[in-house]
Amino acid sequence: MKNKFDYLIIGQGLAGSILAYTLLEKGKRVLVLDEPKLQNCSKVAAGICNPITGRNLVRTWKSNQLFPFLNDFYPKLEKQFDCEFFFKTPVYRPFQTLEQQQDWSAHEDKINEEVIYPKKRFLTENVDDKLGGLLIKNGGHLRTDIFLETIKKYLIEKNAYQEELFDFEKLTLNNESENKNVIYQDIIANHIIFCRGAADKTNPFFEKLPFAPAKGEILHIDFDKDEKTVRELNQIILNKGCWLVPFKESKSNLNNKVEESFTTIFRTGSNYDHKDLSLEPTQKAKEEIETKLKAVLNLDYQIRKHEVGIRPATRTRKPLIGTHKDYPQISIFNGFGAKGVSMIPYFAWQFVEYLSTGKELDKEVRIDK
Ligand SMILES: Cc1cc2nc3c(=O)[nH]c(=O)nc-3n(C[C@H](O)[C@H](O)[C@H](O)COP(=O)(O)OP(=O)(O)OC[C@H]3O[C@@H](n4cnc5c(N)ncnc54)[C@H](O)[C@@H]3O)c2cc1C
């Protein structure tokens with residue numbers, strides 16, 4: 001006898017995990033298939049979300065919708081699972097040039113409740129912020145590894161997870177009946193949704209989508225000492241040429257949290273490579289990241305890890321969401337590029353509304369636009 005589901009999701013990165021969670025919350029029967037040995041760029045990600053970016057510090061695309069949503073979403077799950085993985089943290093952007101500093105001094109009207117201009121060096125020593133800088137308040141970072149493990153455990157409890165390498169050869173589409181569906185080995189599902197990240201560039205059902213995967217590398221560094229600068233760096237995400245994010249420990253029993261967590265381990269990066277999509281860490285990227293880091297920080301560290309991920313980026317720089325034009329039982333939820341942490345919770349909600357009520361998706365993300 002076949003096991004019946006409403007949705008069969010392929011991939012348990014951030015996209016598959018958050019989509020599966022959102023569907024389960026709606027009372028749907030869900031099964032996620034994932035092969036953990038494959039590359040999963042969600043596990044590698046620094047997990048930063050930052051609503052104001054670029055040289056001119058402009059609001060990122062849809063940040064007015066995305067940020068209120070994610071600021072509810074992750075803390076709600078922390079409460080539900082009694083586990084800490086989301087750290088609201090301001091992004092500190094030291095000025096790169098005198099011109100930039102003067103520009104900001106002349107345009108203080110750009111400063112609002114989200115951007116603070118401390119008008120003096122914010123960090124005390126070892127960090128090159130002699131021109132001062134800006135603090136962006138509504139930033140944060142997600143410990144994606146802890147988040148993914150937490151969701152995996154939840155899916156297992158709900159009988160909604162199976163470790164398996166999905167193979168297109170084993171998929172049968174049932175197009176005959178009124179209720180079209182898919183059959184995969186002993187599974188029958190009304191709908192299959194692909195969340196395979198960069199691997200969906202070669203998905204035979206979605207060959208023409210404008211994927212442009214980008215390799216990124218990241219270093220885990222350890223300052224190995226509890227000193228003033230490291231304490232200060234624990235309170236911010238430093239962003240000057242590269243970013244530096246504290247790799248905070250998770251605490252359970254959140255209600256009894258007594259003190260802020262502190263770490264000497266940080267993650268720093270990254271680079272973008274559209275040509276070399278291998279999973280090998282490279283000396284070139286390591287040097288590039290270290291050069292940028294040393295330009296802003298004068299502190300000894302040890303490299304503990306060097307990791308690689310392939311971002312499911314797109315030529316349009318927008319996600320790719322929707323249902324196949326000829327097969328209504330096949331969809332894709334993908335293309336979150338370098339901003340999965342901020343985009344996925346909102347678009348998972350929007351996609352689930354579309355699947356359950358037919359409400360239209362944003363024109364910019366719809367694959368049939
Ligand atoms: C170095 C680096 C730093 C980053 N930093 C940030 C950041 O600070 N903030 C941010 O928002 N984003 C960041 N990103 C981007 C972020 O990682 C992505 O936006 C996001 O993780 C994409 O998630 P995904 O679920 O679509 O893809 P993935 O995480 O790649 O997940 C795809 C899943 O599909 C599974 N899969 C694939 N094929 C199969 C198959 N045949 N059968 C079974 N399972 C399969 C894989 O095992 C994997 O689990 C970073 C990325 C990199 C590389």
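As a basis for the values below, the full set of heavy atoms in this structure was taken, side chains included, without hydrogen atoms, waters or symmetry mates. Whatever order the structure lists them in is the order used to number ligands and atoms, beginning at 1.
- Distance check, rounded to the nearest 0.5 Å: CD1 of Ile10 to CG of Asn334 gives 12.5 Å.
- Using a 4.0 Å cut-off between charged side-chain N and carboxylate O, Lys62 and Asp362 make a salt bridge.
- Applying the 6.0 Å contact sphere to CD of Gln302 captures no more than 12 heavy atoms from other residues, nucleotides or ligands.
- Other residues sharing the hydrophobic cluster of Ile183, ordered by chain and number and joined by side-chain separations under 4.5 Å: Ile188.
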Report all N/O contacts between ligand 1 and the protein shorter than 3.5 Å as a table of atom names and distances to 0.1 Å; if there are none, say 'none'.
from	atom 1	to	atom 2	distance (Å)
ligand 1	5 (N)	Ala46	N	3.2
ligand 1	8 (O)	Gly47	N	3.1
ligand 1	8 (O)	Ile48	N	2.8
ligand 1	9 (N)	Ile48	N	3.3
ligand 1	9 (N)	Ile48	O	2.9
ligand 1	11 (O)	Ala338	O	3.4
ligand 1	11 (O)	Gly340	N	3.2
ligand 1	11 (O)	Val341	N	2.9
ligand 1	12 (N)	Ala338	O	3.0
ligand 1	17 (O)	Cys41	O	3.2
ligand 1	19 (O)	Gly337	O	2.7
ligand 1	19 (O)	Gly340	N	3.0
ligand 1	21 (O)	Ser42	N	3.3
ligand 1	21 (O)	Ser42	OG	2.7
ligand 1	23 (O)	Ser42	OG	3.1
ligand 1	25 (O)	Leu14	N	3.2
ligand 1	25 (O)	Ala15	N	3.0
ligand 1	29 (O)	Asn40	OD1	3.3
ligand 1	29 (O)	Cys41	N	3.3
ligand 1	29 (O)	Ser42	N	2.8
ligand 1	29 (O)	Ser42	OG	2.4
ligand 1	30 (O)	Cys41	N	3.1
ligand 1	41 (N)	Phe166	O	3.1
ligand 1	42 (N)	Phe166	N	2.8
ligand 1	44 (N)	Glu35	N	3.2
ligand 1	47 (O)	Asp34	OD1	3.3
ligand 1	47 (O)	Glu35	O	3.0
ligand 1	49 (O)	Asp34	OD1	2.7
ligand 1	49 (O)	Asn40	ND2	2.9

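- Under 4.0 Å is where a charged nitrogen must lie from a carboxylate oxygen, and between Asp200 and Arg196 at least one such pair does.
- Between Phe168 and Phe166, the ring planes lie perpendicular to each other; the angle is over 60°, past the 30° to 60° tilted range.
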